[in-house]
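As a basis for the values below, the full set of heavy atoms in this structure was taken, side chains included, without hydrogen atoms, waters or symmetry mates.
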Amino acid sequence: MRLVFAGTPAPAVPSLRRLAASAHDIAAVITRQDAPFGRKRVLTPSPVAAAAEELGLAVIRADRLDAAVTAEIAALEPDLGVIVAYGGLVREPLLSTPAHGWINLHFSLLPRWRGAAPVQHALIAGDARTGASVFQLVPELDAGDVFGELAVDVPADATAGDLLAALADDGAGLLCDVVDSIAAGTAVARTQQGETTYASKLGDADGRIRWDEPAGAVLDRIRGVTPEPGAHTTIDGARFKILAVATAPGDAPSLAPGALALHGKHVIVGTASSPIVLATVQPAGKGAMRAADWWRGLREATPVAGS
């Protein structure tokens, strides 16, 4: 089949590469415009744009799929549109432009966690299982019939970045299988069933740690917002980033929420239940470091997180 592929961030790249290596023809890749990156704000192609150019594919850069982009895609006469984390909405008439419409690889078991940040919300909520779904794109958000899905157990220590990378790789195979079945005329889609939940885009406030929550909820939130938007608290009124955490040893003492202490080689911090271990941190104005090294550098009274 003749495809158009829309995607932007790194998790979309495995799907693009798998499709490019298949028997299908990718007529063009649609991705968002180059964006400023790094301290010097250098205009940088999206990961999908970089991969597409490496593969020798035509690239359409667009932040909005407007009438001009729709006309450009229509001129390609695609059989199917494929979208993976593009970062924009596909509306009519573009939605109906390919002969078979559009399919979307989404990183959740729909209808749970429709929306922009399904992996992050799954971790924050403490879901034991999640996965990926390929569904028919419709005007309503992530509501189309599902062609296929894969389910995985959530690893206990996985961050959102870890889990998303794994689902991106596994989901690429699922997506290619669905494209093959549509081409062969054997694809069967089912209506989404179950409770619908929504995964809104996360902001900086979602990364603020609430030390008065139980340890499990604190660990889930930290892992769910890592690497983006990032977990943080305050130490003596200054922003303090938390990059990696762990469950505290069983003999760790009880601490008040936000209270910090050194337990053996571990820096621990209190929650509403048991303490957790701070493994890697980034104090204001400094680089990432082991929490134990930060602790050894303290010259004042024992700090309190969130103070």
Side-chain angles (χ1 to χ4, degrees), residues 1-32 46-62 64-107 110 131-150 167-192:
M1 280 197 304
R2 188 167 172 81
L3 311 177
V4 288
F5 180 93
T8 299
V13 172
S15 291
L16 175 60
R17 292 191 181 280
R18 286 289 293 267
L19 289 170
S22 73
H24 305 290
D25 172 36
I26 301 179
V29 173
I30 304 102
T31 190
R32 294 178 69 86
S46 73
V48 164
E53 289 169 349
E54 175 193 328
L55 292 166
L57 300 172
V59 177
I60 300 171
R61 287 172 165 83
R64 291 178 62 254
L65 301 177
D66 56 17
V69 175
T70 297
E72 192 171 357
I73 293 172
L76 299 171
E77 299 183 346
D79 298 306
L80 178 68
V82 178
I83 189 165
V84 184
Y86 163 68
L89 298 177
V90 181
R91 298 186 174 93
E92 293 292 2
L94 180 57
L95 194 60
S96 300
T97 294
H100 294 280
W102 291 75
I103 59 172
N104 189 353
L105 172 62
H106 183 78
F107 299 113
L110 292 169
S133 306
V134 177
F135 68 96
Q136 186 79 44
L137 210 62
V138 296
E140 184 182 351
L141 179 66
D142 298 341
D145 291 350
V146 175
F147 287 103
E149 66 179 19
L150 61 88
L167 289 174
D169 286 339
D170 293 342
L174 172 68
L175 179 66
C176 284
D177 288 344
V178 170
V179 172
D180 288 345
S181 68
I182 293 173
T186 59
V188 177
R190 61 165 180 80
T191 302
Q192 294 184 25

* Worked verdict on Leu105 versus Val178 for side-chain contact (heavy atoms from CB on, under 4.5 Å) -> CA-CA 10 Å; Leu105 172 62; Val178 170; over 6 Å; no

* To do: Any chance you could lay out the side-chain contact (heavy atoms from CB on, under 4.5 Å) test for Leu55 and Arg17, step after step, and finish with the verdict?
  => CA-CA 8 Å; Leu55 292 166; Arg17 292 191 181 280; 4.1 Å; yes

* Would one find more than 12 heavy atoms of other residues, nucleotides or ligands at under 6.0 Å from atom CD of Glu53? ->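 Atom CD in Glu53 is crowded, with more than 12 foreign heavy atoms closer than 6.0 Å.
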
* Asked: Within a reach of under 6.0 Å around CZ of Arg61, are more than 12 heavy atoms found that belong to other residues, nucleotides or ligands?
  ->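 Atom CZ in Arg61 is packed in, count exceeds 12.
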
* Could you give me the CA-CA distance, side-chain angles and deciding distance for Phe107 and Val84, then say whether side-chain contact (heavy atoms from CB on, under 4.5 Å) is met? => CA-CA 9 Å; Phe107 299 113; Val84 184; 4.2 Å; yes

* Short N-O contact, Arg2 and Asp79, less than 4.0 angstrom ->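 No, Arg2 and Asp79 are not salt-bridged.
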
Nearest 0.5 Å, please: how far is [atom2] in [Y] from [atom1] in [X]?
X: Leu57; Y: Phe5; atom1: CG; atom2: CZ; value: 10.0 Å
X: Leu167; Y: His106; atom1: CG; atom2: NE2; value: 10.5 Å
X: Ile83; Y: Ile30; atom1: CD1; atom2: CD1; value: 8.5 Å
X: Ile73; Y: Ile60; atom1: CD1; atom2: CD1; value: 5.5 Å
X: Leu94; Y: Glu72; atom1: CG; atom2: CD; value: 11.5 Å
X: Asp145; Y: Arg190; atom1: CG; atom2: CZ; value: 9.0 Å

Where do [X] and [Y] come nearest, in terms of heavy atoms and distance?
X: Ala52; Y: Val59; result: CB-CG2, 3.6 Å
X: Ala27; Y: Ala58; result: O-CB, 3.9 Å
X: Leu174; Y: Ala132; result: CD2-O, 3.8 Å
X: Val138; Y: Gly144; result: CG2-N, 3.5 Å
X: Gln192; Y: Ala143; result: NE2-C, 3.3 Å
X: Ala62; Y: Val69; result: CB-CG2, 3.6 Å

* To do: For residues Val13 and Val48, determine if any side-chain heavy atom of one lies less than 4.5 Å from a side-chain heavy atom of the other.
  =>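 Val13 reaches Val48 side chain to side chain.
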
* **Flag side-chain contact, heavy atom, 4.5 Å: Ile103 against Leu175** =>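 In contact.
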
Are the side chain of [X] and the backbone N or O of [Y] linked by a donor-acceptor pair below 3.5 Å?
X: Glu149; Y: Phe135; result: no
X: Arg18; Y: Cys176; result: no
X: Gln136; Y: Trp102; result: yes

* Stepwise, does the side-chain contact (heavy atoms from CB on, under 4.5 Å) test hold for Val82 with Ile26? -> CA-CA 10 Å; Val82 178; Ile26 301 179; over 6 Å; no

